[in-house]
Amino acid sequence: MNIVIENKGIKTDSFYVPAFVLLESEVVVLYLFGGGYYYDTEMFLKDIFCGNIKHENVTTNKRMMFVDYFRESNFRDVFFPSKVNRYVKKDADLTNPFLVKLFEDKYVTRETKMNNLGGTQRKLISLYVAFSKTKDIIFDLAGLDHQGAELTFNLVKEAVKNGGSAILLDNFPDMKEHASKYIQLEWNKDKLPPTKEFKFNL
(Lines give C-alpha, C1' and ligand atoms only; values in the text may rest on other atoms or scores of the structure.)
Protein backbone atom coordinates (compact mmCIF):
# COMPACT_ATOMS: atom_id res chain seq x y z
CA MET A 1 0.00 0.00 0.00
CA ASN A 2 1.17 3.52 -0.76
CA ILE A 3 2.04 6.05 1.94
CA VAL A 4 -0.40 8.97 2.12
CA ILE A 5 1.13 10.82 5.09
CA GLU A 6 4.36 10.21 6.95
CA ASN A 7 4.63 11.95 10.31
CA LYS A 8 7.99 11.71 12.06
CA GLY A 9 6.69 13.52 15.14
CA ILE A 10 5.18 16.95 15.76
CA LYS A 11 6.43 18.77 18.87
CA THR A 12 5.04 22.05 20.21
CA ASP A 13 5.31 23.84 23.55
CA SER A 14 2.08 22.15 24.66
CA PHE A 15 2.07 18.65 23.15
CA TYR A 16 3.77 15.99 21.06
CA VAL A 17 2.16 13.94 18.28
CA PRO A 18 4.02 10.61 18.05
CA ALA A 19 5.29 9.39 14.69
CA PHE A 20 2.89 7.47 12.46
CA VAL A 21 2.33 6.57 8.83
CA LEU A 22 -1.08 6.77 7.13
CA LEU A 23 -1.39 4.24 4.31
CA GLU A 24 -4.03 3.91 1.63
CA SER A 25 -7.20 2.15 2.88
CA GLU A 26 -6.47 3.08 6.50
CA VAL A 27 -8.29 5.16 9.11
CA VAL A 28 -5.89 6.61 11.69
CA VAL A 29 -7.48 7.87 14.89
CA LEU A 30 -5.58 10.67 16.59
CA TYR A 31 -6.91 11.13 20.11
CA LEU A 32 -6.53 14.75 21.23
CA PHE A 33 -8.43 14.55 24.53
CA GLY A 34 -11.21 17.10 25.07
CA GLY A 35 -11.66 20.37 26.89
CA GLY A 36 -10.74 23.88 25.92
CA TYR A 37 -7.61 22.86 24.00
CA TYR A 38 -9.37 20.52 21.59
CA TYR A 39 -10.60 22.88 18.86
CA ASP A 40 -7.39 24.90 18.47
CA THR A 41 -5.32 21.72 18.47
CA GLU A 42 -7.61 20.12 15.89
CA MET A 43 -7.40 23.13 13.56
CA PHE A 44 -3.62 23.31 13.88
CA LEU A 45 -3.13 19.62 13.07
CA LYS A 46 -5.64 19.51 10.22
CA ASP A 47 -3.77 22.40 8.59
CA ILE A 48 -0.53 20.41 8.81
CA PHE A 49 -2.03 17.18 7.50
CA CYS A 50 -3.89 19.01 4.71
CA GLY A 51 -0.64 20.68 3.68
CA ASN A 52 -1.80 24.22 4.51
CA ILE A 53 1.03 24.55 7.05
CA LYS A 54 4.41 23.04 6.17
CA HIS A 55 6.09 21.02 8.91
CA GLU A 56 9.59 19.62 8.55
CA ASN A 57 8.59 16.26 10.03
CA VAL A 58 5.43 15.71 7.99
CA THR A 59 5.36 14.53 4.38
CA THR A 60 2.00 14.57 2.58
CA ASN A 61 1.84 12.56 -0.65
CA LYS A 62 -1.85 13.20 -1.29
CA ARG A 63 -3.98 16.28 -0.84
CA MET A 64 -6.26 15.68 2.15
CA MET A 65 -9.63 17.43 2.55
CA PHE A 66 -10.95 18.48 5.94
CA VAL A 67 -14.66 17.71 6.31
CA ASP A 68 -15.96 20.68 8.26
CA TYR A 69 -19.47 20.86 9.68
CA PHE A 70 -22.02 23.10 8.05
CA ARG A 71 -22.16 26.66 9.36
CA GLU A 72 -24.37 29.54 8.31
CA SER A 73 -24.44 33.11 9.51
CA ASN A 74 -27.56 34.39 11.27
CA PHE A 75 -28.10 36.97 8.53
CA ARG A 76 -27.97 34.37 5.75
CA ASP A 77 -30.09 31.96 7.78
CA VAL A 78 -32.89 34.53 8.16
CA PHE A 79 -32.93 36.03 4.67
CA PHE A 80 -31.26 33.46 2.38
CA PRO A 81 -31.25 30.05 4.08
CA SER A 82 -29.00 27.53 2.37
CA LYS A 83 -30.61 24.56 0.73
CA VAL A 84 -29.02 21.21 -0.01
CA ASN A 85 -28.92 22.21 -3.69
CA ARG A 86 -26.62 25.18 -2.96
CA TYR A 87 -24.39 23.19 -0.61
CA VAL A 88 -23.96 20.29 -3.01
CA LYS A 89 -23.53 22.74 -5.93
CA LYS A 90 -25.85 23.00 -8.91
CA ASP A 91 -23.31 21.50 -11.30
CA ALA A 92 -22.49 18.50 -9.11
CA ASP A 93 -22.47 15.10 -10.77
CA LEU A 94 -25.53 13.53 -9.18
CA THR A 95 -24.60 10.14 -10.63
CA ASN A 96 -21.64 10.04 -8.24
CA PRO A 97 -22.30 7.09 -5.88
CA PHE A 98 -21.89 9.24 -2.76
CA LEU A 99 -24.35 11.87 -3.94
CA VAL A 100 -26.78 9.14 -4.98
CA LYS A 101 -26.53 7.82 -1.42
CA LEU A 102 -27.21 11.30 -0.05
CA PHE A 103 -30.62 11.46 -1.68
CA GLU A 104 -31.62 7.97 -0.50
CA ASP A 105 -32.70 9.67 2.73
CA LYS A 106 -36.37 10.44 2.19
CA TYR A 107 -36.04 13.61 4.26
CA VAL A 108 -33.32 15.06 2.02
CA THR A 109 -34.08 16.70 -1.34
CA ARG A 110 -32.27 19.40 -3.26
CA GLU A 111 -34.76 21.93 -1.86
CA THR A 112 -34.37 20.92 1.80
CA LYS A 113 -33.05 23.75 3.98
CA MET A 114 -29.75 22.77 5.58
CA ASN A 115 -30.74 24.17 8.96
CA ASN A 116 -33.86 21.98 8.99
CA LEU A 117 -31.63 18.89 9.08
CA GLY A 118 -30.31 17.25 12.22
CA GLY A 119 -26.64 17.25 13.16
CA THR A 120 -26.03 13.73 11.89
CA GLN A 121 -27.74 14.43 8.55
CA ARG A 122 -25.65 17.56 8.04
CA LYS A 123 -22.47 15.67 8.90
CA LEU A 124 -23.34 12.90 6.45
CA ILE A 125 -24.07 15.44 3.71
CA SER A 126 -20.66 17.01 4.33
CA LEU A 127 -19.05 13.56 4.07
CA TYR A 128 -20.93 12.59 0.90
CA VAL A 129 -19.94 15.85 -0.78
CA ALA A 130 -16.31 15.42 0.31
CA PHE A 131 -16.15 11.82 -0.91
CA SER A 132 -17.66 12.87 -4.24
CA LYS A 133 -14.48 14.94 -4.70
CA THR A 134 -11.72 12.96 -2.99
CA LYS A 135 -10.94 9.64 -1.31
CA ASP A 136 -8.67 11.18 1.32
CA ILE A 137 -10.17 13.08 4.24
CA ILE A 138 -9.63 14.43 7.73
CA PHE A 139 -12.74 14.55 9.90
CA ASP A 140 -14.12 14.73 13.42
CA LEU A 141 -17.27 13.62 15.22
CA ALA A 142 -18.00 16.94 16.94
CA GLY A 143 -21.64 17.59 17.78
CA LEU A 144 -22.81 14.05 17.06
CA ASP A 145 -24.63 11.78 19.45
CA HIS A 146 -23.54 8.17 19.98
CA GLN A 147 -25.59 6.79 17.09
CA GLY A 148 -24.53 9.54 14.70
CA ALA A 149 -20.87 9.10 15.59
CA GLU A 150 -21.07 5.35 15.01
CA LEU A 151 -22.84 5.80 11.67
CA THR A 152 -20.32 8.41 10.53
CA PHE A 153 -17.26 6.38 11.51
CA ASN A 154 -18.55 3.25 9.80
CA LEU A 155 -19.34 5.21 6.63
CA VAL A 156 -15.78 6.54 6.51
CA LYS A 157 -14.25 3.10 7.08
CA GLU A 158 -16.30 1.67 4.23
CA ALA A 159 -15.56 4.60 1.91
CA VAL A 160 -11.75 4.45 2.25
CA LYS A 161 -11.21 0.70 2.17
CA ASN A 162 -10.49 0.66 -1.58
CA GLY A 163 -7.63 3.11 -1.83
CA GLY A 164 -8.83 6.08 0.20
CA SER A 165 -7.54 7.21 3.59
CA ALA A 166 -8.75 9.13 6.62
CA ILE A 167 -7.59 10.70 9.86
CA LEU A 168 -10.12 11.11 12.67
CA LEU A 169 -9.22 13.94 15.05
CA ASP A 170 -11.10 12.71 18.09
CA ASN A 171 -11.85 13.89 21.62
CA PHE A 172 -13.06 10.58 23.05
CA PRO A 173 -10.65 7.78 24.02
CA ASP A 174 -12.58 4.63 23.04
CA MET A 175 -11.72 4.25 19.36
CA LYS A 176 -8.57 2.15 19.63
CA GLU A 177 -10.11 -1.19 18.70
CA HIS A 178 -11.91 0.26 15.67
CA ALA A 179 -9.04 2.12 13.96
CA SER A 180 -6.32 0.88 11.63
CA LYS A 181 -3.93 2.82 13.87
CA TYR A 182 -4.58 4.66 17.12
CA ILE A 183 -2.30 7.53 18.13
CA GLN A 184 -2.63 9.40 21.41
CA LEU A 185 -1.40 12.97 21.55
CA GLU A 186 1.03 13.46 24.45
CA TRP A 187 0.28 16.64 26.38
CA ASN A 188 2.83 18.34 28.59
CA LYS A 189 1.88 17.65 32.19
CA ASP A 190 0.77 21.20 32.93
CA LYS A 191 -1.42 21.24 29.77
CA LEU A 192 -3.18 17.90 30.13
CA PRO A 193 -6.98 18.26 29.74
CA PRO A 194 -9.29 16.12 31.89
CA THR A 195 -10.27 12.74 30.41
CA LYS A 196 -13.92 12.32 29.37
CA GLU A 197 -15.87 9.21 30.21
CA PHE A 198 -17.52 7.83 27.10
CA LYS A 199 -18.11 4.41 25.61
CA PHE A 200 -18.10 4.02 21.83
CA ASN A 201 -19.54 0.64 20.84
CA LEU A 202 -19.08 -0.32 17.18
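Computed from a predicted structure; not experimentally measured.
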Hey, are the side chains of [X] and [Y] touching, using non-hydrogen atoms and a 4.5 Å cut-off?
X    : Y    : answer
Q147 : T120 : no
N188 : F15  : no
S82  : N115 : no
L151 : K123 : no
L30  : Y182 : no
D140 : N171 : no
H55  : T60  : no
M64  : V4   : yes

Out of curiosity, [X] [atom1] to [Y] [atom2], how far, rounded to the nearest 0.5 Å?
X    : Y    : atom1 : atom2 : answer
L23  : N2   : CG    : CG    : 8.5 Å
I125 : L102 : CD1   : CG    : 5.0 Å
F139 : L168 : CZ    : CG    : 4.0 Å
L22  : F49  : CG    : CZ    : 9.0 Å
R110 : F103 : CZ    : CZ    : 5.5 Å
F153 : E158 : CZ    : CD    : 12.5 Å

Could you walk me through whether T59 and I5 pass the side-chain contact (heavy atoms from CB on, under 4.5 Å) check? CA-CA 6 Å; T59 302; I5 290 178; over 6 Å; no
Can you list the residues that meet the side chain to side chain donor-acceptor pair (under 3.5 Å) rule with [X], with sequence neighbours excluded?
X    : answer
D136 : S165
K11  : none
D68  : R71
K8   : none

Yes or no on salt bridge (Lys or Arg N to Asp or Glu O under 4.0 Å) for E24 and K135, after CA distance, side-chain angles and deciding distance? CA-CA 9 Å; E24 289 179 345; K135 293 181 178 180; over 6 Å; no
Please say yes or no: joined through hydrophobic side-chain contacts below 4.5 Å, possibly via intermediate residues, are [X] and [Y] part of one cluster?
X    : Y   : answer
I48  : M43 : yes
V29  : M65 : no
I183 : F44 : yes
F20  : Y16 : no

List in chain and number order the residues that pass salt bridge (Lys or Arg N to Asp or Glu O under 4.0 Å) with E111, two or more places apart in sequence or in another chain; answer none if no residue qualifies.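 With neighbours one apart ignored, the set is K83.
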If every non-hydrogen atom of G9 is compared with every non-hydrogen atom of N7, which pair is closest and at what distance?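 Taking every non-hydrogen atom into account, N-OD1, 2.8 Å.
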So, T134 side chain and F131 main chain: donor-acceptor pair closer than 3.5 Å or not?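 Answer holds: no.
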Checking S25 side chain against K161 main chain: does a donor-acceptor pair fall under 3.5 Å?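 Yes.
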Between V17 and L185, is a side-chain contact (heavy atoms from CB on, under 4.5 Å) present by the stated rule, with each step listed? CA-CA 5 Å; V17 179; L185 183 144; 4.0 Å; yes
Y87: ring pair (Phe, Tyr, Trp, His ring centres under 6.0 Å) partners, not counting sequence neighbours: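 Partners of Y87 under the ring pair (Phe, Tyr, Trp, His ring centres under 6.0 Å) test: F70.
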Run the side-chain contact (heavy atoms from CB on, under 4.5 Å) check on F33 and W187 step by step: do they pass? CA-CA 9 Å; F33 297 82; W187 286 94; 3.3 Å; yes
Tell me, with the steps shown, if D170 and L32 meet side-chain contact (heavy atoms from CB on, under 4.5 Å). CA-CA 6 Å; D170 200 20; L32 309 180; over 6 Å; no
Start with the C-alpha gap between K54 and D47, add the side-chain angles, then the distance that decides, and say whether salt bridge (Lys or Arg N to Asp or Glu O under 4.0 Å) holds. CA-CA 9 Å; K54 300 300 180 185; D47 279 340; over 6 Å; no
